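Keep in mind that this is a model prediction, so the values were computed, not measured. Naming convention: chains lettered A, B, ... in sequence-line order (proteins, then strands); numbering from 1 in each chain.
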Amino acid sequence: MSREYSEQEVIRRDARAQLDAAGFPPYGYSWDVTHHAASIIDDFDETLHQPVEGVAKVPFRVSVAGRVMSMRIMGKAAFFNLQDQSGRIQVYISRDDLPEGYYNTIFKKLVDIGDVIGIEGFVFKTRVGETSVHAQRFEILAKALRPLPIEKEVDGKVFNEITDKEYRYRQRYVDLVVHPEVRKTFQQRARMITTMRSFLDERGYVEVETPVLQPLYGGAAARPFTTRHNALDMKLYLRIADELYLKRLIVGGFDGVYEISKDFRNEGLSRFHNPEFTMMELYVAYKDYNWMMDLVEEMVETIATVLHGSTDLTVGDNTISFARPWKRIPLFEAIEEKTGHDLSGLSRDDLATVAKKLELDIDDTMGSGKLIDEIFGEFVEPHMIQPTFITDYPIELSPLAKKHRTKEGLVERFEAICNGKALCNAFSELNDPDDQRSRFEDQVGLGMRGDAEAMQLDEDYLRALEYGMPPTAGLGIGIDRLAMLMTNSRSIRDVILFPLLRPEVEESAAETE
RNA sequence: GAUCCCGUAGCUCAGCUGGCAGAGCAUCUGACUUUUAAUCAGAGGGUCCCUGGUUCGAGCCCAGGCGGGAUCACCA
């Protein structure tokens, strides 16, 4: 289906045709890049490289490639800015340094802002002192047929900046070209994951891959996506967590395994939720949740230091210190601190009374675990800015966690809360298969009563536990949430390159509806 | 899902009480060999999100719809 081109697109398509006609390829095959913008600026030494009357003591010859970001044509010479992955460098190009016709008929007429070009020349400093490349040869590597919304910055004021969030998320390629800080966010995200991976590898934990397509889903309270395998004529779920497969590997004799992968939960979208998100899960044999708290602290502190050279980060309006040790406080104590109510040992009805007193919206279907969770989520979690371990959760909320060794009705579980949001979830793993079976049965009961997020009973997982799983500490950490903290991003969509959006409506399709 | 806000040129936005559709950047033509928001002179560019209504007349008022954003609520 053909589309009507805008005026600027018509002009650019015509320019491409003229390049073809002139035997000047609009799409090159390769370009030998010797330097990047940032390194040229760093390495330029005026005493050696600056030409005097056209001759430098040591010529600084470079070959660069990138996108044309601005253009200042002044008759027989021109300046433009070239952007590559490292930054921007100014290029000077003049008629007399190029073969006959290249400047006037090719460069001046047929090269546009947005084109990807290769430049070969030598480095010099202009009268006003800007390090620049004096071009002696150029090729067009990719002609841009659409105009780029490139912004201009003057005295800190920005013109033409793309502010339409939808545009930025849908056409992330454009967002990345025009917003260098977006590229930086994703470079930092990559570095964060690399740091985490080496942190875990150094300790001897093995990175593994477990199924995304699962006949049964489990390991978290969430609604799954469903799909179908044709040849086996079999209903499959996209995983909501890696947990149950990873613990099977602990049974199998791995002492430490981890996986960094996408999980999928069929839930609403928000500033903190994307239906597919990245999770790191780690399981270490012979350890418990106290040990795991030490590891989380050390890992996150390491990441902050590697990324920012400091354990203290600015996140929104707050300065957050990831320096060890983090505060550790049992769930009930944290609630009592904020609300004045000690919930320990309260019956379901007493909890409901407290919740009503605190003016929470509750209903009769909520069990005691859910009520405690509501009170915590409303009065405690949003106010915890500095990283804090909340420990010892009610057993109803944690069907895969081991009973607390001393506290009745609780499990050995913790969450790290930071900037008002849970960052990770961890526990001493339940390894008694009979206890696990009865917890699964409770979940199935919840599911029959209409809880769409209840877990399924996984017989094969129970079979694995029956062979004996060593005591194990388990951890799940939301990579996107951590990336938001580490890059000071307000929305999860700012740390996911291509967040899920409603399908784009075609202009023509919209008309026929 | 609920509430609030938004939709005008390629981009950012203005458009009064309802009275000829505007600016900057970008684009095009011309001048200009160290500019940097280059400068100077000129030009073109619009389904004002869609549908309907009120009106002599709608970008503006009304109704419905579509799309987006922000806030709120649950799992990370």
Parallel under 30°, tilted from 30 to 60°, perpendicular over 60°: which one fits the rings of A/Tyr461 and A/Phe440?
perpendicular

What is the separation between atom CZ on A/Phe272 and atom C1' on B/rA70, rounded to the nearest whole Å?
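One finds 13 Å between C1' of B/rA70 and CZ of A/Phe272, rounded.
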
Taking only the C1' atom of each, what is the distance from B/rG46 to B/rU8 in whole angstrom?
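The same atom, C1', in both gives a distance of 8 Å.
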
When you compare B/rC16 with B/rA21, how far apart are their C1' atoms, in angstrom units rounded to a whole number?
15 Å

Given B/rU35, B/rA26, B/rC28, which nucleotide is nearest the side-chain atoms of A/Ile113?
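Ranking B/rU35, B/rA26, B/rC28 by closest atom to the A/Ile113 side chain puts B/rA26 first.
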
RNA chain B: 5'-proximal contact among A/Phe80 and A/Arg490 (nearest heavy atom)
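First, find each residue's nearest nucleotide; the 5'-ward one identifies A/Phe80.
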
Would you tell me if any nitrogen or oxygen in the side chain of A/Arg72 comes within less than 4.0 Å of OP1 or OP2 on B/rA38?
yes

Would you mind reading off the distance between A/Ile150 atom CD1 and B/rA26 atom P, rounded to a whole angstrom?
11 Å

Would you classify A/Asp14 as touching base, sugar-phosphate or nothing, given that sugar-phosphate means primed atoms plus P, OP1 and OP2, and contacts are heavy atoms under 4.0 Å?
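No contact.
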
Figure out the CG/C1' separation between A/Asn104 and B/rC32, and round it to whole Å.
12 Å

When we call it a touch if two heavy atoms are under 4.0 Å apart, what does A/Ser270 touch: a base, just sugar-phosphate, or nothing?
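The answer is base, as A/Ser270 lies within the cut-off (heavy atoms under 4.0 Å) of a base atom.
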
Whole-Å distance between B/rU34 P and A/His134 NE2?
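One finds 12 Å between P of B/rU34 and NE2 of A/His134, rounded.
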
Applying the 3.5 Å cut-off to both distances, the Watson-Crick or G-U partner of B/rU71 turns out to be B/rA2

Output the single nucleotide from B/rU35, B/rG69, B/rU71 whose closest atom is nearest the side chain of A/Glu130.
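Nearest to the side chain of A/Glu130 among the choices is B/rU35.
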
Within the sub-3.5 Å range, which N or O atoms of nucleotides 8-11 of chain B have a protein N or O partner, and how far apart are they?
{"from": "B/rG10", "atom 1": "N9", "to": "A/Gln8", "atom 2": "NE2", "distance (Å)": "3.4"}
{"from": "B/rC11", "atom 1": "O2'", "to": "A/Asn160", "atom 2": "O", "distance (Å)": "2.9"}
{"from": "B/rC11", "atom 1": "O2", "to": "A/Asn160", "atom 2": "OD1", "distance (Å)": "3.0"}

Would you classify A/Glu281 as touching base, sugar-phosphate or nothing, given that sugar-phosphate means primed atoms plus P, OP1 and OP2, and contacts are heavy atoms under 4.0 Å?
nothing

So, does the side chain of A/Gln90 form a donor-acceptor pair with the base of B/rU35 at under 3.5 Å?
yes

Are OP1 or OP2 of B/rG30 and a side-chain N or O of A/Lys109 less than 4.0 angstrom apart?
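Answer yes for this pair, as a side-chain N or O of A/Lys109 is under 4.0 Å from OP1 or OP2.
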
Please give the nucleotide sitting opposite B/rG42 as a Watson-Crick or G-U wobble pair, both distances under 3.5 Å, or none.
B/rC28

By the 4.0 Å heavy-atom rule, please label A/Asp373 as base, sugar-phosphate, or nothing.
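Contact class for A/Asp373: sugar-phosphate only.
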
Nucleotide opposite B/rU17 in a Watson-Crick or G-U pair, distances under 3.5 Å
none

Output the single nucleotide from B/rC32, B/rC74, B/rU35 whose closest atom is nearest the side chain of A/Ile73.
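Looking only at side-chain atoms, A/Ile73 lies closest to B/rC32.
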
For B/rU12, the Watson-Crick or wobble counterpart (both distances under 3.5 Å):
B/rA23

Round to the nearest Å and state the distance from A/Phe277 atom CZ to B/rC74 atom C1'.
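Rounded to the whole Å, the gap is 13 Å.
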
Given atom CD1 of A/Ile11 and atom C1' of B/rA43, what is their separation to the nearest angstrom?
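My rounded result for the distance is 12 Å.
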
Sort out the partner of B/rG64 for me: Watson-Crick or G-U wobble, both distances under 3.5 Å, none otherwise.
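By the stated definition (distances under 3.5 Å), B/rC50 pairs with B/rG64.
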
Just how far is it from atom CG of A/Asp317 to atom CD1 of A/Ile385, taken to the nearest 0.5 Å?
9.5 Å

Taking atom P in both B/rC49 and B/rA14, compute the distance separating them and give it to the nearest angstrom.
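The same atom, P, in both gives a distance of 13 Å.
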
Is the phosphate of B/rG69 approached by A/Arg493 (side-chain N or O, under 4.0 Å from OP1 or OP2)?
yes

A/Arg197 vs A/Glu207, test: salt bridge (charged side-chain N to carboxylate O under 4.0 Å, His left out). Steps then yes/no.
CA-CA 8 Å; A/Arg197 187 171 268 129; A/Glu207 182 170 12; 2.8 Å; yes

Applying the side chain to side chain donor-acceptor pair (under 3.5 Å) test to A/Asp97, which of A/Arg137, A/Gln136, A/His134 qualifies?
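With A/Asp97 as partner, A/Arg137, A/Gln136, A/His134 yield a single side chain to side chain donor-acceptor pair (under 3.5 Å), made by A/His134.
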
Figure out the CG/C1' separation between A/Asn81 and B/rU34, and round it to whole Å.
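Rounded to whole Å, this separation is 14 Å.
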
Tell me whether the guanidinium CZ or amine NZ of A/Lys327 lies under 6.0 angstrom from the six-membered ring centre of A/Phe389 and within 45° of its axis.
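No, A/Lys327 does not lie over the aromatic ring of A/Phe389.
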
Atom CD of residue position A/Glu181 - does it have more than 12 heavy atoms of other residues, nucleotides or ligands inside 6.0 Å?
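Atom CD in A/Glu181 is packed in, count exceeds 12.
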
Looking across every strand, which nucleic acid part, if any, lies under 4.0 Å from A/Gly478 by heavy atom: base, sugar-phosphate, or nothing?
nothing

Does B/rU27 have its OP1 or OP2 closer than 4.0 Å to a side-chain nitrogen or oxygen of A/Arg12?
no

So A/Asp480, base contact, sugar-phosphate only, or nothing? Heavy-atom distance under 4.0 Å.
nothing

State plainly whether the residues A/Glu396 and A/Lys370 are in salt-bridge range, i.e. N to O under 4.0 Å.
no

For B/rU35, which nucleotide is its Watson-Crick or G-U wobble mate, given both distances must be under 3.5 Å?
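Looking at the geometry, B/rU35 pairs with no nucleotide.
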
A/Glu53 has an atom CD; how far is it from atom P of B/rU34, in whole Å?
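Nearest whole value for this atom pair: 17 Å.
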
Does NZ or CZ of A/Arg13 lie under 6.0 Å from the centre of the six-membered ring of A/Tyr5, at an angle within 45° of the ring axis?
yes

Return the 5'-most residue of the pair A/Glu415, A/Tyr169 with respect to RNA chain B, ranking by each residue's nearest nucleotide.
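It is A/Tyr169 whose nearest nucleotide is closer to the 5' end.
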
Does the Lys NZ or Arg CZ of A/Arg413 fall within the cation-pi geometry relative to A/Tyr393 - under 6.0 Å from the ring centre and within 45° of the axis?
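Judged by the rule (NZ or CZ under 6.0 Å from the ring centre, within 45° of its axis), A/Arg413 counts as positioned above A/Tyr393.
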
A/Arg223 vs B/rC74: side-chain N/O to OP1/OP2 distance below 4.0 Å
no

Kindly assign one of parallel, tilted or perpendicular to the pair A/Phe107 and A/Phe80, based on the angle between their ring planes and the thresholds 30° and 60°.
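The rings of A/Phe107 and A/Phe80 sit tilted, inter-plane angle from 30° to 60°.
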
In whole Å, measure the gap between the C1' atoms of B/rU54 and B/rG15 for me.
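Result for the C1' pair: 22 Å, nearest Å.
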
